[in-house]
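Before any comments, here is the structure.
Bear in mind the structure is a predicted one, so any value in this text is a computation, not a measurement. Residue numbers start from 1 in every chain, and the chains themselves are labelled A, B, ... in the order their sequence lines are given, proteins ahead of strands. Heavy atoms only: backbone and side chains are in, while hydrogens, waters and symmetry mates are out.
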2 protein chains.
Amino acid sequence: MDDPGNGGHAALVQLQAYLAQMDHAGETRLPAERELSESLGVSRGDLRKALAVLEKDGRIWRHVGRGTFVGSGPVEETIGISEIAGRTNPADVMRARLIIEPEIAREAALHATLSDIAAMRQSLVQTRDAVTWRQYENIDNLLHRQIAQASRNNVLLGLFDVLNAVRRTVVWGRLRSEGARPPADHHSFADHERIVEAIAERDLGGAAAAMRLHLQQVERRLIPVREAAE
Amino acid sequence: MDDPGNGGHAALVQLQAYLAQMDHAGETRLPAERELSESLGVSRGDLRKALAVLEKDGRIWRHVGRGTFVGSGPVEETIGISEIAGRTNPADVMRARLIIEPEIAREAALHATLSDIAAMRQSLVQTRDAVTWRQYENIDNLLHRQIAQASRNNVLLGLFDVLNAVRRTVVWGRLRSEGARPPADHHSFADHERIVEAIAERDLGGAAAAMRLHLQQVERRLIPVREAAE
DNA sequence: AAAGGGAATCATACGCGGATTGGTTAAAAT
DNA sequence: ATTTTAACCAATCCGCGTATGATTCCCTTT
């Protein structure tokens, strides 16, 4: 009404001023559109146009039901495990393990403390004592996690946990009753020992190689038809 | 009452029978303790003792407010971004990036489609056109994510997203007003071009090396005092 | 008649209170 | 004295109401 000609431009200017004034405080959320439009004295349509400009510019971020916030994006867009697991397959999970875990083992060889290594050795013994596949699986998981923990890098540990959770949901329901207990000559026993030994000897490349070999063995056991088909 | 002497043993046997019977169905959650105790005709105390045994054995797991489930552990223990970010530091995040992202780039060089590469090249141009640091950051993020996406592995992409979210929360609030816009000779421009070119030429090792080099540059810029201190 | 503004409506997300469930403790019963 | 039962606690889930951004429709104004 005052100046319909400039359209949303006045609203954009006012909104930028408001943003600058608000940015000095720690608050990142700005009022609802209905309030703000009245507070700034512009129509909601013009306000929305201005907001759209700022959003395309990356200065604010909006979401239905939550509000409008300043900043490039949601600080904590929860990336759900099920979201990842929902659109993937065991082969990709295995591939990711083959890429990530050897590097984690290398890092573990560099940063593991003596107590870390002692804990791994104890898990090694326990895997041999497992009387059921479920027990073995638990201790196997524990050992792999101990290795990730030994990297002394909480980010790597967290990524490992995410990967592990995805793996569990994806292959969920496999290997139910393949046998009473792991056979004594199961390849993983020797594999695990090689990995832990390499870590103990601070052999970075050896630890990564041993882990890679181990996971390739696991992959072969998981998808046994592969070589015959090719 | 019937046989107080054997204590919880009878309950344990009955519970194991119930578990075996239920395990054939796909259901993993068993009834509430109050119902189950009445259904099996044992006291809740004995039932809980039996449940404790099975839990220590790893066959079931329980959680307050949710229930009791068969299986080694919660299939979806939500690993929160903030949980990871809460107990780490920028150095560890950078280290994790240096470990993960080069391997992702290698995978991208193997699996990227032509449209993937075209999208990357477009982002390359856009980074040069960015007039503000925030715009540059957005496009930079987009480019790195495009590379992860080009790996054609949703697990790797998910892990990258998690890592990225952690990075954003950890370094949150840095580099506010270091300058109006990225300088034309910013190292990242050439770095990014090298990475994309290596991916386009299917040079696996080259892509990984270029990404590693780029991240080392970023690390150096992030922690500039390092070399002087040593 | 055209255009812009305002109100109603829709879809999604948050918040709160009740209900459910494992964990714990105390009273009661045998 | 031991076991069973009940009651209570803490944590979680679920449903409903509210708030918010997105969209549509109608009306006023020029």
Side-chain angles (χ1 to χ4, degrees), chain A residues 1-12 14-15 18-19 22 27-56 59-71 73-80 82-83, chain B residues 1-12 14-15 18-19 22 27-56 58-71 73-78 80 82-83:
Chain A
M1 345 193 122
D2 295 345
D3 197 351
N6 56 18
H9 191 62
L12 181 59
Q14 288 218 42
L15 181 56
Y18 184 92
L19 252 180
M22 196 192 69
E27 195 55 29
T28 66
R29 170 177 181 161
L30 48 87
E33 292 183 356
R34 293 166 178 83
E35 298 179 22
L36 192 56
S37 65
E38 188 178 5
S39 170
L40 294 183
V42 300
S43 75
R44 196 180 165 205
D46 287 351
L47 174 64
R48 284 186 56 75
K49 287 175 189 172
L51 286 172
V53 171
L54 291 186
E55 184 183 30
K56 190 157 59 183
R59 298 197 38 182
I60 66 169
W61 163 80
R62 320 185 256 182
H63 209 299
V64 179
R66 297 184 60 178
T68 306
F69 304 84
V70 303
V75 212
E76 196 173 328
E77 23 181 328
T78 46
I79 309 200
S82 54
E83 252 182 49
Chain B
M1 3 180 114
D2 297 342
D3 197 352
N6 57 18
H9 191 62
L12 181 60
Q14 287 217 43
L15 180 57
Y18 184 91
L19 252 180
M22 196 193 69
E27 195 54 31
T28 66
R29 171 175 180 164
L30 46 87
E33 291 183 356
R34 293 165 178 82
E35 298 178 23
L36 192 55
S37 66
E38 187 178 6
S39 169
L40 294 183
V42 300
S43 76
R44 195 182 164 205
D46 285 353
L47 174 64
R48 285 185 54 75
K49 288 176 188 171
L51 286 172
V53 171
L54 292 185
E55 184 184 31
K56 189 158 61 183
R59 299 196 37 182
I60 65 169
W61 63 277
R62 319 183 259 182
H63 210 306
V64 179
R66 297 186 58 175
T68 307
F69 304 82
V70 303
V75 215
E76 196 171 329
E77 19 180 326
T78 46
S82 54
E83 249 181 53

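Atom CG in B:Leu47 sits roughly 14 Å away from atom C1' in D:dT4 (whole-Å rounding). Between the CG atom of A:Leu40 and the P atom of C:dG5 there is a distance of 14 Å, given to the nearest Å. Rounded to whole Å, the distance from CG on A:Leu36 to C1' on D:dG21 is 13 Å. Rounded to an integer number of Å, the gap from CD of A:Glu38 to P of C:dG5 is 16 Å. To the nearest angstrom, C1' of D:dT20 lies 10 Å from CD of A:Glu35.
Within 4.0 Å of A:Gly45, counting heavy atoms only, lies no atom of the nucleic acid at all.
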With the criterion being N/O to N/O and under 3.5 Å, what pairs connect the protein with nucleotides 27-30 of chain D, and how long is each?
none

Restricting to nitrogen or oxygen on both sides, can you table the protein-nucleotides 23-30 of chain C pairs closer than 3.5 Å?
residue, atom, partner, partner atom, Å
C:dG23, OP2, B:Arg48, NH1, 2.8
C:dG23, OP2, B:Arg48, NH2, 3.2
C:dG23, OP2, B:Arg62, NH1, 2.9
C:dG23, N7, B:Arg44, NH2, 2.8
C:dG23, O6, B:Arg34, NH2, 3.2
C:dG23, O6, B:Arg44, NH1, 3.2
C:dG23, O6, B:Arg44, NH2, 3.4

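For A:Arg44, the side chain to side chain donor-acceptor pair (under 3.5 Å) criterion is met by A:Glu33, not counting sequence neighbours. Shown here are the side chain to side chain contact (heavy atoms under 4.5 Å, CB included) partners of A:Val42, two or more places apart in sequence or in another chain: A:Ala11, A:Gln14, A:Leu40, A:Leu47. Here A:Glu55 pairs with A:Ile60, A:Arg62 under the side chain to side chain contact (heavy atoms under 4.5 Å, CB included) rule; sequence neighbours left out.
For A:Arg59 (side chain) and A:Val53 (main-chain N/O), no donor-acceptor pair under 3.5 Å exists by modelled atom type.
The shortest distance between the side-chain N/O atoms of A:Thr68 and the OP1/OP2 oxygens of D:dG21 is below 4.0 Å. Proximity of B:Arg66 to the phosphate of C:dT21: no side-chain N or O atom is located under 4.0 Å from OP1 or OP2.
Nearer to the 5' terminus of DNA chain D, by closest-nucleotide assignment, is the contact made by B:Gly65 (compared with the other of A:Ala32 and B:Gly65).
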